[in-house]
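See below for the structure under consideration.
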Amino acid sequence: MKARRLRSGTFAGSTVARAPDAPPGARFQERVRRPFAFLRRALLLFVCLAPPPAVSRSIDVLWYTYAHPESIYVQKIRELAGVVHTLPRSNGLRWKLTFLRPESPAPAFGEFNVLVIHGAELGYTGRYFPALGYVDPRQPRTTPDYRGILLNRKAIEAARGERTVISGSDADVHTITGDTGNAPADPTAQGRRVTCHPVILAPGCWDGALGHLVNAVNWAGSGRGLGIVSLVAAEYPGALWWVDHRSFLRRELKGHVTVWDRNGTRENNPVIPEAMKGHPLNAGLTSRGLSNWRNSFHAGFAGSIPGYFAVVNSSRYPGLAVVIAREKPPGAGITGAAPAASGGQSRPGGSRAGE
């Protein structure tokens with residue numbers, strides 16, 4: 001007896017039967033569809049169980065500078081901001097850089113994570129002509145100008161957050177020159193050392209000015225509110241804005257700052273305290289790497305400043321720190337945290353500022 005055909009077009013007893021009105025080829029489509037349905041389910045399961053994609057972290061950096069817009073200083077800081085996330089010790093943190101100048105309109109300080117304040121070192125601040133390879137002889141360098149900080153005191157105070165780093169070094173300029181105490185002595189320059197090369201990108205640059213600067217910016221910019229990184233304000237006329245009556249730091253630093261003059265009294269052999277070697281501000285840094293930049297540190301701070309703790313100490317002047325920091329906003333009921341030895345009096349070759 002002949003097998004009875006169904007309208008579905010398949011033999012009776014088949015495991016796959018089409019509806020009476022199914023179009024031709026449906027059986028083939030069904031066979032093809034089944035393995036793809038499994039793959040779709042497997043892919044959906046993989047997507048659900050896979051960890052979320054990594055999000056690129058960044059901080060908004062407001063960099064105050066009195067350098068000429070076409071200076072080597074501005075060019076190199078911009079270059080650093082462009083590659084900082086690629087440096088092994090920076091933990092991939094990107095910088096969104098904005099420059100603030102003395103004549104700039106007041107920005108919305110609260111929209112930034114950290115305010116970095118140019119140190120009082122005039123190197124590389126004059127206008128530079130890349131095509132000619134020299135600095136404009138009519139303006140070889142500018143003078144320190146902190147109007148943009150002093151005139152915006154109230155706005156900075158309102159936005160200021162929980163982290164502040166104050167350094168007695170001009171690490172920004174020494175980063176540009178590639179200074180590190182690990183480099184061999186330069187036989188052609190008395191007391192100076194060979195610099196790392198290429199500047200910023202060479203692995204040997206980190207344990208020196210570069211690491212000190214980047215650690216400070218990243219740490220201060222990773223807290224709540226507007227972090228502060230202030231590099232040395234000393235030596236040049238008009239440079240000591242820290243204790244100016246219009247300064248947002250005056251109440252904290254007045255009477256606690258010692259400025260070393262230019263007759264060989266600066267600190268070139270700082271010491272990282274044992275308890276601070278694991279702190280993020282000293283990540284990848286050693287006392288040796290911070291030494292002998294000629295000159296490494298131009299000012300020191302009393303270890304008893306309320307709310308601040310010593311990050312790097314002076315070896316030449318016991319009781320003084322050369323880098324200090326705080327982790328809570330002013331007025332938060334802070335008592336002195338991890339202070340260095342008490343001090344703050346004038347030191348040989350130096351003067352106490354703000355008195």
Side-chain angles (χ1 to χ4, degrees), residues 55-128 130 142 144-149 152 155-156 159-161 163-167 169-179 198-202 205-206 208-233 280-281 283:
V55 178
S56 177
R57 299 180 303 125
S58 65
I59 55 175
D60 289 291
V61 179
L62 182 63
W63 199 292
Y64 181 83
T65 180
Y66 49 84
H68 192 280
E70 298 177 27
S71 63
I72 293 177
Y73 182 94
V74 169
Q75 171 189 327
K76 287 297 182 180
I77 296 302
R78 185 179 288 117
E79 177 184 330
L80 171 60
V83 301
V84 67
H85 61 285
T86 68
L87 302 179
R89 288 282 186 170
S90 70
N91 296 320
L93 193 61
R94 295 176 180 269
W95 293 0
K96 297 179 181 178
L97 180 66
T98 300
F99 284 108
L100 173 66
R101 297 185 49 76
E103 66 277 8
S104 299
F109 288 96
E111 295 182 359
F112 295 89
N113 298 109
V114 60
L115 169 63
V116 184
I117 304 172
H118 188 161
E121 168 54 57
L122 302 177
Y124 307 110
T125 57
R127 186 180 184 186
Y128 177 70
T142 59
D145 185 348
Y146 291 102
R147 284 176 295 157
I149 299 299
N152 288 305
I156 294 172
R160 190 177 174 190
R163 294 185 176 183
T164 296
V165 182
I166 304 177
S167 175
S169 81
D170 46 343
D172 47 354
V173 172
H174 285 285
T175 290
I176 294 172
T177 55
D179 286 316
V199 171
I200 297 175
L201 294 176
C205 291
W206 184 268
L210 173 66
H212 178 41
L213 179 63
V214 174
N215 282 344
V217 175
N218 285 354
W219 182 80
S222 296
R224 292 173 297 178
L226 178 70
I228 303 292
V229 174
S230 179
L231 301 166
V232 66
L281 284 169

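Model, not experiment: these values are computed from the prediction. Start at 1 with the first residue, then count along the sequence.
- The CG atom of Asn152 sits 9.5 Å away from atom CG of Leu115, with the distance rounded to the nearest 0.5 Å.
- Taking the side chain as every heavy atom from C-beta outward, Leu80 and Leu97 never approach each other to under 4.5 Å.
- Taking CD1 of Ile166 as the start and OG of Ser230 as the end, the distance is 6.0 Å to the nearest 0.5 Å.
- In this structure, Trp95 and Val114 have side chains that are not in contact, with every pair of non-hydrogen atoms separated by 4.5 Å or more.
- Scanning all heavy atoms of the two residues, the minimum distance from Ile228 to Ala220 falls at O-CB, 3.8 Å.
- Of all heavy-atom pairs between Ile59 and Gly221, the closest is CG2-O, 3.5 Å.
- Rounded to the nearest 0.5 angstrom, Leu100 CG and Thr98 OG1 are separated by 9.5 Å.
- Between atom OH of residue Tyr66 and atom OH of residue Tyr73 there is a gap of 7.0 Å, rounded to the nearest 0.5 Å.
- Summarising the geometry of Ser71 relative to Tyr124, their closest heavy-atom pair is CB-O, 3.3 Å, with the distance given to 0.1 Å.
- At a cut-off of 3.5 Å, with distance as the only test, no side-chain donor of Ser169 or His174 sits close to an acceptor on the other residue.
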Inset, instruction - Could you give me the CA-CA distance, side-chain angles and deciding distance for Thr65 and Asp172, then say whether side-chain contact (heavy atoms from CB on, under 4.5 Å) is met? - result: CA-CA 11 Å; Thr65 180; Asp172 47 354; over 6 Å; no
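- For the pair Arg57 and Asn91, the minimum side-chain heavy-atom distance is below 4.5 Å.
- Side chains of Asn218 and Ser90 form a contact here, defined as non-hydrogen atoms less than 4.5 Å apart.
- Between Ala209 and Ala171 the shortest heavy-atom distance is CB-O, 3.8 Å.
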Inset, instruction - Check the pair Glu111 / Asp60 against side-chain contact (heavy atoms from CB on, under 4.5 Å), numbers first and verdict last. - result: CA-CA 8 Å; Glu111 295 182 359; Asp60 289 291; over 6 Å; no
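- With contacts defined as side-chain heavy-atom distances shorter than 4.5 Å, the pair Pro69/Arg101 qualifies.
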Inset, instruction - Walk me through it: do His118 and Ile77 pass the test side-chain contact (heavy atoms from CB on, under 4.5 Å)? - result: CA-CA 11 Å; His118 188 161; Ile77 296 302; over 6 Å; no
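- Asn113 is not listed as a side-chain neighbour of Ser222, based on a closest heavy-atom distance of 4.5 Å or more.
- When all heavy atoms of Ile72 and Ile176 are compared, the closest pair comes out as CG2-CG2, 4.3 Å.
- For Glu79, the CD atom is densely surrounded, since the number of other residues' heavy atoms within 6.0 Å is greater than 12.
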Inset, instruction - Test side-chain contact (heavy atoms from CB on, under 4.5 Å) on Asp170 and Leu231 and set out the steps. - result: CA-CA 6 Å; Asp170 46 343; Leu231 301 166; 5.7 Å; no
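- Of all heavy-atom pairs spanning Tyr64 and Pro102, the tightest one is OH-CG, 3.2 Å.
- Inter-residue side-chain proximity for Val217 and Val61 is flagged as met; some heavy-atom pair is nearer than 4.5 Å.
- Between Asn215 and Trp206, the closest side-chain pair of non-hydrogen atoms falls below 4.5 Å.
- Here the straight-line distance linking atom NE2 of His212 with atom CG of Leu281 works out to 8.5 Å at 0.5 Å rounding.
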